[in-house]
**Q** 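The structure that follows is given in the form of structure tokens.
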Amino acid sequence: MAFPDLEATAQEVFAALADPTRRQILAALASGGPATATDLAARLPITRQAIAKHLGLLADAGLVVAEPGERRRVRYRLDSGPMKVAQQFLAALARDWDGPLAALRDHLGTH
């Protein structure tokens, strides 16, 4: 991979997705649309404080964007850009593996 910034983005996304709580938060935002930490705490078995911490990490990875709302409430929405970078990283990695794996399979005589 010749693009270290893309690799760094992919690394941040993978680190963020490694935590099941953060995946739950992303799934809740994907299904319910933009929400505040309080809204998410009402839907998930996680405290508002824990959700706020996880939202900060997801924002750092670029997976969510904080938008000011009414009465100083911050709503979070998904941003698919970093996820697409991670998908491209995985696709390139898979392409790099396909050739050697096919050659090994041919060498071993298995299909």
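Remember, it's a predicted structure, so these values are computed and weren't measured experimentally.
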**Q** Heavy atoms only: give me the nearest Pro82-Gly62 pair and the separation to one decimal.
**A**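 The answer is CG-O, 3.2 Å.
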
**Q** Please go through Leu29's hydrophobic cluster and name the other residues, only I, L, V, M, F, W, Y counting, with side-chain heavy atoms under 4.5 Å joining them.
**A**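 Via sub-4.5 Å side-chain contacts, Leu29 links to Val13, Leu17, Ile25, Leu26, Leu40, Leu44, Ile46, Ile51, Leu55, Leu58, Leu63, Val64, Val74, Tyr76, Leu78, Met83.
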
**Q** Restricting to side-chain contact (heavy atoms from CB on, under 4.5 Å), what partner residues turn up for Arg48, sequence neighbours left out?
**A**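 Once residues adjacent in sequence are excluded, the partners of Arg48 under the side-chain contact (heavy atoms from CB on, under 4.5 Å) criterion are Ala37, Thr38, Ala41, Ala52.
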
**Q** Arg77: which residues meet the side-chain hydrogen bond (donor to acceptor under 3.5 Å, both in side chains) condition with it, sequence neighbours left out?
**A**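 Partners of Arg77 under the side-chain hydrogen bond (donor to acceptor under 3.5 Å, both in side chains) test: Glu67.
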
**Q** Apply the hydrophobic cluster definition, ILVMFWY joined by side-chain contacts under 4.5 Å directly or through others, and give me every member besides Val65.
**A**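 None; Val65 is a cluster of one.
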
**Q** Report the residues that fulfil side-chain contact (heavy atoms from CB on, under 4.5 Å) with Lys84, sequence neighbours left out, ordered by chain and then residue number.
**A**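 So Lys84 forms a side-chain contact (heavy atoms from CB on, under 4.5 Å) with Ser80, Gln87.
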
**Q** Which residues satisfy the side-chain hydrogen bond (donor to acceptor under 3.5 Å, both in side chains) test with Arg22, sequence neighbours excluded?
**A**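 Partners of Arg22 under the side-chain hydrogen bond (donor to acceptor under 3.5 Å, both in side chains) test: His54.
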
**Q** Which residue pairs satisfy the side-chain hydrogen bond (donor to acceptor under 3.5 Å, both in side chains) criterion with at least one member in residues 25-37, sequence neighbours excluded?
**A**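 Listed once each, the pairs are Thr36-Asp39, Thr36-Arg73.
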
